[in-house]
Amino acid sequence: MGRQVKAGMGSISIAALVCILFLCCSYQFNAAHGSESEMSTTRVVFQTNYGDIEFGFYPSVAPRTVDHIFKLVRLGCYNTNHFFRVDKGFVAQVADVVGGRTVPMNEEQRVEAEKTVKGEFSDVKHVRGILSMGRYSDPDSASSSFSMLLGDAPHLDGQYAVFGKVTKGDETLRKLEQLPTRREGIFVMPTERITILSSYYYDTEMESCEQERSLLKRRLAASVIEIERQRMKCFP
């Protein structure tokens, strides 16, 4: 049995006090880090020759699309790909990886890249920062090309699958908007290549948990020492 500390309504062990402190700290952490809308904790970072762009996913809005795009990222399919379209105030569009990379794909990458995803249309609005799948006239023809919205585009609502949002890197998108462009038909294209040099992903929850766990351990250790100090003072 642990040592007992007298309280107003009986007695409580040091272990119980530590447990209470832990629950209080956990509650404060959860309240401060509530989930953001429908976004998952996974983040993907595209490292471009103009800066990094980070984005997250909406798995409850477009689960098939999210699974597909994330698998392409895990396989490294977007590495050496590029943004083939930058239309200021409208979209910055990533090229289809089958034809957009400078390095050939291996068999596993090619099999996944050639898959198409059934259209997952929702009521999520196309506003700046939103990620929206590219496709042909067939609503189920989306593969690996997608757009990062550079402004509000209500005419796209319900017509293209929204699957995520840019979480960091708006300053990079603004750099892209300032680049010289040329028009080819309906497309406004940069005159110089905007390369996705590499990509990686991480989990924000794991990073936050590690930081909070370290802080909590220090707080709990300090609390135990203070409880013992008070016990020795009041109940020698």
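These numbers were taken from a predicted model, which means no experiment stands behind them.
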Legend entry - Short side-chain donor-acceptor distance under 3.5 Å, Y50 and Q178: no
Inset, instruction - Hey, can you tell me if F46 and F146 have their rings parallel, tilted or perpendicular (30° and 60° cut-offs)? - result: tilted
Legend entry - Pairwise side-chain contact, V94 with F83, heavy-atom cut-off 4.5 Å (strictly under): yes
Inset, instruction - For residues Y136 and T116, determine if any side-chain heavy atom of one lies less than 4.5 Å from a side-chain heavy atom of the other. - result: no
Inset, instruction - For the residue pair V61 and E120, establish whether any side-chain heavy-atom pair is separated by less than 4.5 Å. - result: no
Legend entry - Pairwise side-chain contact, I130 with K125, heavy-atom cut-off 4.5 Å (strictly under): no
Legend entry - Same apolar cluster (I L V M F W Y, side chains within < 4.5 Å links), V117/V97: no
Legend entry - Check against side chain to side chain contact (heavy atoms under 4.5 Å, CB included), S147 and Y160: CA-CA 10 Å; S147 295; Y160 294 85; over 6 Å; no
Legend entry - Distance, nearest 0.5 Å, that separates OG1 of T48 from CG of N81: 12.0 Å
Inset, instruction - Could you tell me whether the side chain of R182 and the main chain of P190 form a donor-acceptor pair under 3.5 Å? - result: yes
Inset, instruction - May I ask you to decide if T42's main-chain N or O and D203's side chain share a donor-acceptor pair within less than 3.5 Å? - result: no
Inset, instruction - Count the heavy atoms of every other residue, nucleotide or ligand shown that sit under 6.0 Å from CD of E108, and state whether that count exceeds 12. - result: no
Legend entry - Candidate pair Q109 and R101, rule side chain to side chain contact (heavy atoms under 4.5 Å, CB included), full reasoning: CA-CA 12 Å; Q109 290 173 327; R101 288 165 48 105; 3.9 Å; yes
Inset, instruction - Count the heavy atoms of every other residue, nucleotide or ligand shown that sit under 6.0 Å from CZ of R128, and state whether that count exceeds 12. - result: yes
Inset, instruction - Answer with yes or no whether the hydrophobic clustering places F70 together with M148; edges join I, L, V, M, F, W, Y residues whose side-chain heavy atoms lie under 4.5 Å apart. - result: yes
Legend entry - From H126 atom NE2 to D157 atom CG, the distance as rounded to the nearest 0.5 Å: 6.0 Å
Legend entry - Worked check of side-chain hydrogen bond (donor to acceptor under 3.5 Å, both in side chains) between S198 and N79: CA-CA 5 Å; S198 62; N79 298 347; 5.4 Å; no
Legend entry - Single-linkage hydrophobic cluster, 4.5 Å side-chain cutoff, Y201 and L131 together: yes
Inset, instruction - Assess whether side chain to side chain contact (heavy atoms under 4.5 Å, CB included) is satisfied between T181 and K88, documenting all intermediate values. - result: CA-CA 10 Å; T181 58; K88 186 175 182 179; over 6 Å; no
Legend entry - 4.5 Å side-chain heavy-atom contact, R85 and V91: yes
Legend entry - Hydrophobic cluster identity match, L149 and V66, side-chain contacts under 4.5 Å: no
Legend entry - Modelled atom types, side-chain donor and acceptor of Y202 and E54, under 3.5 Å: yes
Legend entry - Short side-chain donor-acceptor distance under 3.5 Å, S143 and D96: yes
Inset, instruction - Output the distance between atom NZ (K175) and atom OG1 (T172), rounded to the nearest 0.5 Å. - result: 5.5 Å
Legend entry - salt_bridge(E112, K115) N-O dist < 4.0 Å: yes
Inset, instruction - Can you see which heavy atom on H82 is nearest to which on G100, and at what distance? - result: ND1-O, 3.1 Å
Legend entry - Check ion pair K71-D67 (N to O, under 4.0 angstrom): no
Legend entry - Transitive ILVMFWY side-chain link L197 to I194, under 4.5 Å: no
Inset, instruction - Please examine the side chains of M39 and Y58, heavy atoms only from C-beta on, and report whether any two atoms are closer than 4.5 Å. - result: yes
Legend entry - Heavy-atom check, side chain of I69 versus side chain of M133, under 4.5 Å: yes
Legend entry - Student check: side-chain heavy atoms of Q159 and F121 closer than 4.5 Å: no
